There are 2 protein chains.
Amino acid sequence: MGATKTDVFDDRVNRLASVAKAMGHPARIAILTQIMTQKSCINKDLVEELPLAQPTISQHLKELKRAGLIAGSIDENRMCYCIDRDGLKEIMQYCQELIAESPADDQCC
Amino acid sequence: MGATKTDVFDDRVNRLASVAKAMGHPARIAILTQIMTQKSCINKDLVEELPLAQPTISQHLKELKRAGLIAGSIDENRMCYCIDRDGLKEIMQYCQELIAESPADDQCC
DNA sequence: AAGCAATATCGTAATATTGCGATATAAATA
DNA sequence: TATTTATATCGCAATATTACGATATTGCTT
């Protein structure tokens with residue numbers, strides 16, 4: 001008891017949930033936004049910009065990477081992260097599907 | 001220590017994270033999908049369709065409602081849920097922004 | 001009124017996440 | 001080689017989430 005039951009859901013459902021979950025933390029939204037605006041795609045800069053300790057940010061970056069939302073490459077002794085569009089496209093499309101395919105409010109019940 | 005630091009991030013960031021977090025569980029993705037396809041917008045049907053106990057589903061529905069992803073109305077002794085598009089539009093737009101505004105992979109570092 | 005059906009809430013055990021100090025690692029530089 | 005710089009990992013305490021049995025609650029139906 002207590003553990004999320006992933007085995008009873010199919011792969012797509014689990015994958016969507018996993019990506020959404022990675023976005024489901026303010027620090028990680030803030031990191032994504034920073035990388036987007038290129039204020040800081042360098043790890044060090046993120047640590048300076050965000051009000052969190054370095055190990056905490058490192059941990060959040062790892063989670064974003066795991067979910068396929070960012071990709072990291074080494075740029076002369078620094079880690080440089082960039083947005084990975086694939087994961088994002090997946091949830092975006094799912095949201096769009098929910099919006100477009102679900103019955104209008106007045107048609108449901 | 002241990003609690004998510006929401007106070008150090010601004011409202012929009014917290015709001016986006018909160019919506020994404022609500023989507024970040026396979027059961028809740030499954031519920032959203034069921035409501036969308038209208039296989040079951042009725043709570044009871046969800047309980048029958050999904051491999052989770054009734055209190056668990058009730059709890060997940062509450063979370064989805066809290067995040068503004070679904071809205072519930074009473075339909076002769078039954079709870080009927082429908083997709084609430086506003087929360088979805090918000091993350092969708094944010095994803096789109098991330099995809100469109102972030103520099104291309106080859107332009108970063 | 002008694003029973004039933006649908007849903008919500010309570011309480012709690014199991015598990016997961018968050019945040020960070022301490023510490024490792026690895027590359028650049030003095 | 002010693003130091004500094006940038007990042008990752010470990011370990012742990014605090015907190016949050018998940019799942020569900022037991023138990024309300026509310027509105028039929030008999």
Side-chain angles (χ1 to χ4, degrees), chain A residues 1-9 13-14 17-31 34-35 40-67 70-82 109, chain B residues 1-9 13-14 17-31 34-35 40-67 70-82 109:
Chain A
M1 222 191 291
T4 297
K5 283 187 160 185
T6 52
D7 52 310
V8 297
F9 299 104
V13 166
N14 281 317
S18 164
V19 176
K21 187 169 154 192
M23 290 184 71
H25 191 288
R28 294 195 289 263
I29 293 284
I31 288 172
Q34 290 261 336
I35 294 176
S40 42
C41 63
I42 300 293
N43 192 330
K44 187 196 72 159
D45 297 339
L46 289 169
V47 172
E48 278 166 17
E49 293 281 346
L50 301 177
L52 292 170
Q54 180 267 322
T56 306
I57 289 173
S58 194
Q59 201 171 253
H60 285 306
L61 285 167
K62 192 179 176 184
E63 172 66 11
L64 287 169
K65 210 159 39 172
R66 191 202 53 71
I70 61 174
S73 57
I74 296 169
D75 173 64
E76 46 180 83
N77 202 27
R78 287 121 186 265
M79 271 308 287
C80 172
Y81 289 102
C82 60
C109 306
Chain B
M1 224 189 289
T4 296
K5 283 188 159 185
T6 53
D7 52 310
V8 297
F9 298 104
V13 166
N14 281 319
S18 165
V19 176
K21 186 169 154 193
M23 291 183 70
H25 190 289
R28 294 195 288 264
I29 293 283
I31 289 172
Q34 290 262 334
I35 294 176
S40 41
C41 64
I42 300 294
N43 191 331
K44 187 196 73 158
D45 297 339
L46 288 170
V47 173
E48 278 165 16
E49 293 282 347
L50 300 177
L52 292 170
Q54 179 268 322
T56 307
I57 290 172
S58 195
Q59 201 173 252
H60 284 306
L61 285 166
K62 193 177 174 185
E63 173 66 11
L64 286 169
K65 210 159 37 171
R66 191 201 53 71
I70 61 174
S73 58
I74 296 168
D75 172 63
E76 46 181 83
N77 204 26
R78 288 121 185 265
M79 271 309 286
C80 173
Y81 290 102
C82 60
C109 306

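Quick caveat, the model's predicted, so the values are computed rather than measured.
Atom NZ in B/Lys21 sits 12.0 Å away from atom CD1 in A/Ile29 (nearest 0.5 Å). Separating the CG atom in A/Leu64 from the CD1 atom in A/Ile70 is a distance of 4.5 Å, to the nearest 0.5 Å.
The base of C/dA8 is paired with the side chain of B/Gln54 by a donor and an acceptor separated by under 3.5 Å.
No side-chain heavy atom of B/Glu63 sits under 4.5 Å from any side-chain heavy atom of B/Gln59. Considering only heavy atoms from C-beta on, B/Leu61 comes within 4.5 Å of B/Leu46 through its side chain. Side-chain contact between B/Phe9 and A/Leu52: present, with at least one pair of heavy atoms (C-beta onward) separated by less than 4.5 Å. In this structure, A/Ile42 and A/Met79 have side chains that are not in contact, with every pair of non-hydrogen atoms separated by 4.5 Å or more.
When each of D/dT18, D/dC20, D/dT9 is scored by its nearest atom to the side-chain atoms of A/Lys62, the top-ranked nucleotide is D/dT9. Here the nucleotide nearest the side chain of A/Leu52, chosen from C/dT18, C/dC20, C/dA6, is C/dC20. With D/dC20, C/dT9, D/dA8 as the candidates, the nucleotide lying closest to the side chain of B/Ser58 is C/dT9. In the set D/dA6, C/dA16, D/dG21, D/dA6 carries the atom at the smallest distance from any side-chain atom of A/Arg78. Side-chain proximity of B/Ala3 to the nucleotides C/dA6, D/dT15, C/dG19 is greatest for D/dT15. Checking C/dA22, C/dG19, C/dA8 against the side-chain heavy atoms of B/Tyr81 singles out C/dA8 as nearest.
Backbone-only contact: B/Thr4 has heavy atoms under 4.0 Å from sugar-phosphate atoms and none from a base. No engagement by B/Leu61 is indicated, since no non-hydrogen atom pair under 4.0 Å with the nucleic acid exists.
Between the CD1 atom of A/Ile70 and the P atom of D/dT7 there is a distance of 12 Å, given to the nearest Å. Between the CG atom of A/Asn77 and the P atom of C/dT29 there is a distance of 8 Å, rounded to whole Å. A/Leu46 places its CG atom 9 Å from the P atom of D/dT7, with the value rounded to the nearest Å. Rounding to whole angstrom units, CG of residue B/Asp7 and P of D/dT15 are separated by 14 Å. Atom-to-atom, NZ of B/Lys5 to P of D/dA14 comes out at 16 Å; the value is rounded to the nearest Å. Rounded to an integer number of Å, the gap from CD1 of B/Ile57 to C1' of D/dA19 is 11 Å. In this structure, B/Gln59 atom CD and D/dG21 atom C1' are separated by 13 Å, rounded to whole Å. Remark: C1' of C/dA26 and CE of A/Met79 are 13 Å apart, rounded to the nearest angstrom.
Between B/His60 and the phosphate of D/dA19, there is a side-chain N or O to OP1/OP2 separation shorter than 4.0 Å. Taking side-chain N and O atoms only, A/Lys21 has no distance below 4.0 Å to OP1 or OP2 of C/dA16. For B/Thr56 and D/dT18, the shortest distance from a side-chain N or O to OP1 or OP2 is not below 4.0 Å.
Residues A/Pro55 and B/His25 each lie close to DNA chain D; by heavy-atom proximity, the contact nearer the 5' end of the strand is made by A/Pro55. Taking for each of A/Lys65 and B/Ala53 the nucleotide of DNA chain D with the nearest heavy atom, the 5'-most of the two is the partner of A/Lys65.
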